[in-house]
Amino acid sequence: MNTKELINTVNAMLAGSKGLLAMDESTPTCNKRFEEVGIPQTEEYRRAYREMIVTTPGLGDCISGAILYDETIHQSTRNGTPFIDILKQAGIIPGIKVDEGTTDLPGSPGEKMTNGLDGLPARLNKYYTLGARFAKWRAVIAIGPHIPTDECIETNMHDLATYAAMCQRAGLVPIVEPEVLMDGPHDLKKCFDVTEKVLNVLFEKLRGQNVDLHAVILKPNMVLPGLSCPRQAGIDTVAEATITCLLQSVPAEVPGIVFLSGGQSPELATAHLNAMHVKYEDRLPWALTFSFARAIQKPALEIWKGKDENVAVAQQMLRHRACLDDAARRGEYTPEMEKTA
Ligand code: 13P
């Protein structure tokens, strides 16, 4: 294992006040997002959309790494430049989603497990050769009347740790993403308790598989009430619950935590990250930043609509959102900044 190379990648991913852009939607998920705004669901439209993203002027000022999907990592701009090269020229490290989506967890209705461990070492070597320097694997944990079960948490965290160990051996920094979903009427306390338990099991499994915690990045959910919970929480309450939960469960040797947005609006995801820095900056042992997909991309996708003439304005919006998140990592975001795209 080349620890020095892994640590160099980690440092570059967490540099300054930048964060990561998740643009690794699987084909079905990307098609779903396109359908919502009336864009044809074809490979060429997906390529054109990703070209719009990676060629955004100045994106590298706020984004240190971009997570790609298998289809995207092989694609090029219309004039034939591979996306990987465009990203590298912009100072953005290419990463790759390597899980193969979820399936039902046998014997446990409503729960999922993540596929993709079969043949993973060979795929990781291939992605490294293509230029990727980090990877991502997402496990999903749903909250419901009798879930999550211990078995669901054990299975998913075990697989995340196995993936992480394989990544480090292949020279790729593993992003471990145990996402506690926002769907449902559960309250903030329930999300806190489940997230804390999931993270404790995750770090036990990572240690059990001799994963070097100095070369792992955690991608968790923020601690939030469920989307249909009648009692929603204020920004400072979410910031406090999230930081308290993470301080209790994430070892200090982990270099960085990068949040998913999980269905929050872009404005709220940014405001929550900002509040965590404003109130707790001096207590944080790890870098704390963003790895949003929807919370960065959604406004730009809605402007782009699949049309060439909208590319420049969509790119402006994409960069604007990324810069607001960069400001939030410094605790310098204000809602007034939303107006100056
Ligand atoms: P969202 O920010 O849209 O939740 O996506 C992050 C991600 O990478 C999901 O796997």
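As the structure is a prediction and not an experimental result, all values here were calculated from the model. Any value given below was found using the heavy atoms of this structure, including those in side chains, with hydrogens, waters and symmetry copies removed. For this chain, numbers begin at 1 and follow the sequence in order.
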Is there a side-chain contact between I96 and R123, using heavy atoms and a 4.5 Å cut-off?
no
Is the shortest heavy-atom distance from the side chain of L6 to the side chain of D212 under 4.5 Å?
no
Salt bridge (Lys or Arg N to Asp or Glu O under 4.0 Å) partners of D104, counting only residues at least two apart
K112
Verify, without hydrogens or angle tests, whether T129 (side chain) and N125 (backbone) share a donor-acceptor contact under 3.5 angstrom.
yes
Residue list, salt bridge (Lys or Arg N to Asp or Glu O under 4.0 Å) with K189, at least two apart or on another chain
D193
Report the residues that fulfil salt bridge (Lys or Arg N to Asp or Glu O under 4.0 Å) with E44, sequence neighbours left out, ordered by chain and then residue number.
R47
Scan for ring-ring contact (aromatic ring centres under 6.0 Å, His included) pairs involving residues 184-205, sequence neighbours excluded, and state none if there are none.
none
Apply the hydrophobic cluster definition, ILVMFWY joined by side-chain contacts under 4.5 Å directly or through others, and give me every member besides L260.
none
Please check: side-chain N/O of Y163 versus main-chain N/O of I175, any donor-acceptor pairing under 3.5 Å?
yes
Show the atom names and distances, to 0.1 Å, of all donor-acceptor pairs under 3.5 Å that link a side chain in residues 27-38 to residues at least two apart or in another chain.
residue	atom	partner	partner atom	Å
T29	OG1	S26	OG	3.1
N31	OD1	R46	NH1	3.0
N31	ND2	T27	O	3.4

In a table with atom names and distances, give each donor-acceptor pair under 3.5 Å that connects a side chain of residues 133-148 to protein atoms at least two apart or in another chain.
residue	atom	partner	partner atom	Å
R133	NH1	Y128	O	3.0
K136	NZ	D24	OD2	2.7
K136	NZ	E177	OE1	3.1
R138	NE	E179	OE1	2.7
R138	NH2	E179	OE1	3.0

Considering only Ile, Leu, Val, Met, Phe, Trp and Tyr, and joining two whenever side-chain heavy atoms are under 4.5 Å apart, list the other residues clustered with L268.
I235
Taking distance alone, no hydrogens or angles, what donor-acceptor pairs closer than 3.5 Å link side-chain atoms of residues 241-258 to residues at least two apart or in another chain?
residue	atom	partner	partner atom	Å
T242	OG1	V223	N	2.9
T242	OG1	V238	O	2.7
T244	OG1	E240	O	2.6
Q248	NE2	E196	OE2	2.7
S249	OG	C245	O	2.6
E253	OE2	R207	NH2	3.4

Measuring from L172:CG to E5:CD, what's the distance to the nearest 0.5 Å?
8.5 Å
Please check: side-chain N/O of H158 versus main-chain N/O of L202, any donor-acceptor pairing under 3.5 Å?
no
Sequence neighbours left out, what passes salt bridge (Lys or Arg N to Asp or Glu O under 4.0 Å) with R321? Give chain and number order.
E338
Exam field: side chain Q297 to backbone A22, donor-acceptor pair closer than 3.5 Å
yes
Indicate yes or no for a side-chain donor-acceptor contact from T149 to the backbone of C152 under 3.5 Å, with no hydrogens or angles considered.
yes
Excluding sequence neighbours, so at least two apart, what forms side chain to side chain contact (heavy atoms under 4.5 Å, CB included) with T155?
L105, E151, D159
By side chain to side chain donor-acceptor pair (under 3.5 Å), Q41 pairs with (sequence neighbours left out) none
